[in-house]
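Only one structure is covered here, and it is reproduced in the block below.
These numbers come from the heavy atoms of this one structure, side chains and all, not from hydrogens, waters or symmetry mates. Just follow the structure's listing: the first ligand is 1, and inside any ligand the first atom is 1. Positions are given from 1 along the sequence.
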Amino acid sequence: MENELWNLNNPSGISDADRRTFLRMAALGGAGMAALGLHGNLSADDAPKAAAREMVRMQEKTDLILVTDRPPQLETPLHYFRTDLTPNDAFFVRWHLAGLRTNINPKKYTLNISGHVNTALKLSLKQLREEFEPVSVVAVNQCSGNSRGIFEPHVPGTQWGNGAMGNARWTGVRLKDVLAKAGVKAGAMEVSFQGLDVAPLPATPAFIKALQFDRANDGEVMIAYEMNGADLPMLNGYPLRLVVPGWYSTYWMKTLSEITVLDQPFKGFWMDKAYRIPYNKTANETAEKLAEKTIPIHRMCVRSLFVFPETNARVGVNQSLDLEGVAFDGGSGIKEVEISSDAGKTWAKADLKPSLGNYSWRRWSFRFQSATKGNVQLLARATSNSGETQNEIHWNRSGYQRGVIEHFDAVVE
Ligand SMILES: Nc1nc2c(c(=O)[nH]1)N[C@H]1C(S)=C(S)[C@@H](COP(=O)(O)O)O[C@H]1N2
Ligand SMILES: [Mo]
């Protein structure tokens, strides 16, 4: 059945031999998380405790951290970030609506372009591959709420650790070329995007996102049909997804099927109410003094993360502890990463690995040694080519765009 929806109790008729269908997870060890409400509003008490998070294996995926099972939200364990590209089967998964498509017929699939255009188009996957120039980019796909679970003070919402992100090589066609084929009329203001997933309750607004026309048409925004040289996994949006390099992945629409050119500003819950950040230079506010004005989240802020080993690492006096991490920003590229072991009084440069492009993350490494025993806290601070750097305080009510300087605990013994 083409329109069969995600159904926890009735996975019958779905064959795991056919890659176009989607099998729900293999046996869950214990009860899954309760169904998520709109916009992932888990209460603090429902939040998965970091230490007790279950692993789960869903179709086309390896064992990932189960954050919620309906809709599927899976987090990537940190050790997968020790390579430049995150493997498709380890890539994190996030959906808002429980009504996921479980069957896709690639021969019948169409991408529809309509609205303020001269000719509405219905493009097949074959046409996309054959009639447009293929392009590739290595880019970080990071959820706006990545690391929300470690915000201080705590904020409600999906309690992600640091693994709601990944870096992949995306291949597809330029959105600009597809828009040109449809012929955009004068006065286009925005472009909206919708996938095939639906809300189980009619009261839940459809997941539709919009970009300003100039961003949509900048030649960088891409309709991707491949991820790391293979078809997208079903859970990552097979057969097509939008790629908006440098921007948070809320815009990276999966199972992309509707592109609509608008001659007026888009109105809709997921732009007007959700995914908004304080309107100031660092998107910062305090719980005591919330920002009065908010705007849609967009470009990623600079950040640097410790990846390996895990925090609370032990090392002998005068022995080496080799630390690894990743750093990225919204597209200017990483200029340097510095490490401090004295609460930020002095900083030493980490070694940066070669760059795969400004939208990719850059891996870094740092050899830590100490001549004295005791607990040491290390800090990592990245600076982008555009001069943006990180601070000790960075907070907002929704737990979006974490960019605070991260800490790592070492025990010298
Ligand atoms: N169709 C559709 N696309 C979507 C979403 C969704 O709920 N439905 N969620 C967005 C959000 S918020 C994120 S973080 C990314 C997650 O991408 P991934 O699951 O491939 O890692 O998908 C984006 N695209
Ligand atoms: Mo997200």
Got a sec, which residues hit ring pair (Phe, Tyr, Trp, His ring centres under 6.0 Å) with Y225, two or more places apart in sequence or on another chain? none

For ligand 1, list all ligand N or O to protein N or O distances below 3.5 Å, rounded to 0.1 Å.
residue, atom, partner, partner atom, Å
ligand 1, 1 (N), D197, OD1, 2.9
ligand 1, 1 (N), D197, OD2, 3.3
ligand 1, 1 (N), K254, O, 3.1
ligand 1, 3 (N), K254, N, 2.9
ligand 1, 7 (O), H96, N, 2.9
ligand 1, 7 (O), H96, ND1, 2.7
ligand 1, 8 (N), D197, OD2, 2.7
ligand 1, 9 (N), H96, ND1, 3.4
ligand 1, 17 (O), R241, NH2, 3.0
ligand 1, 19 (O), R94, N, 2.9
ligand 1, 19 (O), K254, NZ, 2.5
ligand 1, 20 (O), N236, ND2, 2.8
ligand 1, 20 (O), R241, NH1, 2.7
ligand 1, 20 (O), R241, NH2, 3.4
ligand 1, 21 (O), F92, O, 2.7
ligand 1, 22 (O), R241, NH2, 3.4
ligand 1, 24 (N), W252, O, 3.1

State which residues pass ring pair (Phe, Tyr, Trp, His ring centres under 6.0 Å) with H394; sequence neighbours excluded, sorted by chain then number. none

Would R94 and W160 count as a cation-pi pair here, with the cationic atom under 6.0 angstrom from the ring centre and within 45° of the axis? no

Students often mix this up, so state it plainly: with edges at 30° and 60°, are the rings of Y275 and Y400 parallel, tilted or perpendicular? parallel

Taking only residues two or more places apart in sequence, or in another chain, which ones meet F207 in a ring pair (Phe, Tyr, Trp, His ring centres under 6.0 Å)? H96, W270

Compute both the distance and the angle, then confirm whether K209 meets the cation-pi test with Y251: under 6.0 Å from the six-membered ring centre, within 45 degrees of the axis. yes

